[in-house]
Structures are given as C-alpha cells and as structure tokens.
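This report concerns only the one structure given below.
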Amino acid sequence: MNLITTIITITAALSIILIIISFWLPLMNPDHEKLSPYECGFDPLGSARLPFSLRFFLVAILFLLFDLEIALLLPLPWGDQLPSPLTTFLWATSVLILLTLGLIYEWMQGGLEWAE
C-alpha cells in the first residue's frame, strides 16, 4: 500500500508541476495574423466565387493515399505469428513496392510539385 501511495503522490505532484509550468511558460503575443481565421490557405474574407488551384486537393488526396500504407502495414507484428510468416512478408513487400512505384510515378509526372 505504501508503494501505491508513493506512486500516486509523485504522479500527482508531477502533473501539478507540469500544469503550472504550461500556464506560466508560454508568451502570449497575439497579432493580427495569429488572430485571423485560417481556412486551408484561402482568404476567408474574400469572395467565395474566386477560382483556386486544384493542386491543393491533388496533394491532399495523394497524402491520403500514401498515408494508408500505415493502416495496411499495422497488422504486420501479428502476421509474424501465423503458420506462414513468409506469406505476410510477401504481401507487405508487394504493398510497399506498389506504393513506391506510385510515388515514383507521381514524382515523375510532377504531381508533388506545389508550385509551377
């Protein structure tokens, strides 16, 4: 019981110290740019009918596609415990090769260039 009380006391003290430091440490210097709303790089005070570049959406979709590799590769540690871990390794390698080829294709086509 003494060990648990000590651990709870140390944890509570450390938490209170970190909370006090987090309120005391940051410098508050708000200016016009920090206080203005920000919406995906577009000026929220302008006209809603202005044309915009579709490059932003292309880069966002590419990010989502290449970010899915993490979701596809998350089960790998459990796949090592299957009767045939070689099959898991081959599937993971094929996913990584496919994503690498897609990245190279997009790079060669200029899809990753933000500005022309």
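Below, all heavy atoms of this structure are taken into account, side chains as well, without hydrogens, waters or symmetry copies.
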Study note, to complete from the structure: Separation between CG (N2) and CD1 (I7), nearest 0.5 Å, reads 10.0 Å
Exercise for review: Going by the side chain to side chain contact (heavy atoms under 4.5 Å, CB included) test, name the single residue among L99, L103, I97 that passes it with L101.
Suggested key: I97
Point to revise | ILVMFWY cluster, F23 and I17 together (side-chain gap under 4.5 Å) | key: no
Practice item. Check step by step if side chain to side chain contact (heavy atoms under 4.5 Å, CB included) holds for L18 and S15. Key: CA-CA 5 Å; L18 289 175; S15 299; 5.9 Å; no
**Study point:** Residues T6, T9; criterion side chain to side chain donor-acceptor pair (under 3.5 Å); working and verdict
**Key:** CA-CA 5 Å; T6 306; T9 306; over 6 Å; no
Practice item. First locate atom CD1 of I16, then atom CD1 of I20, and finally report the distance between them rounded to the nearest 0.5 Å. Key: 7.0 Å
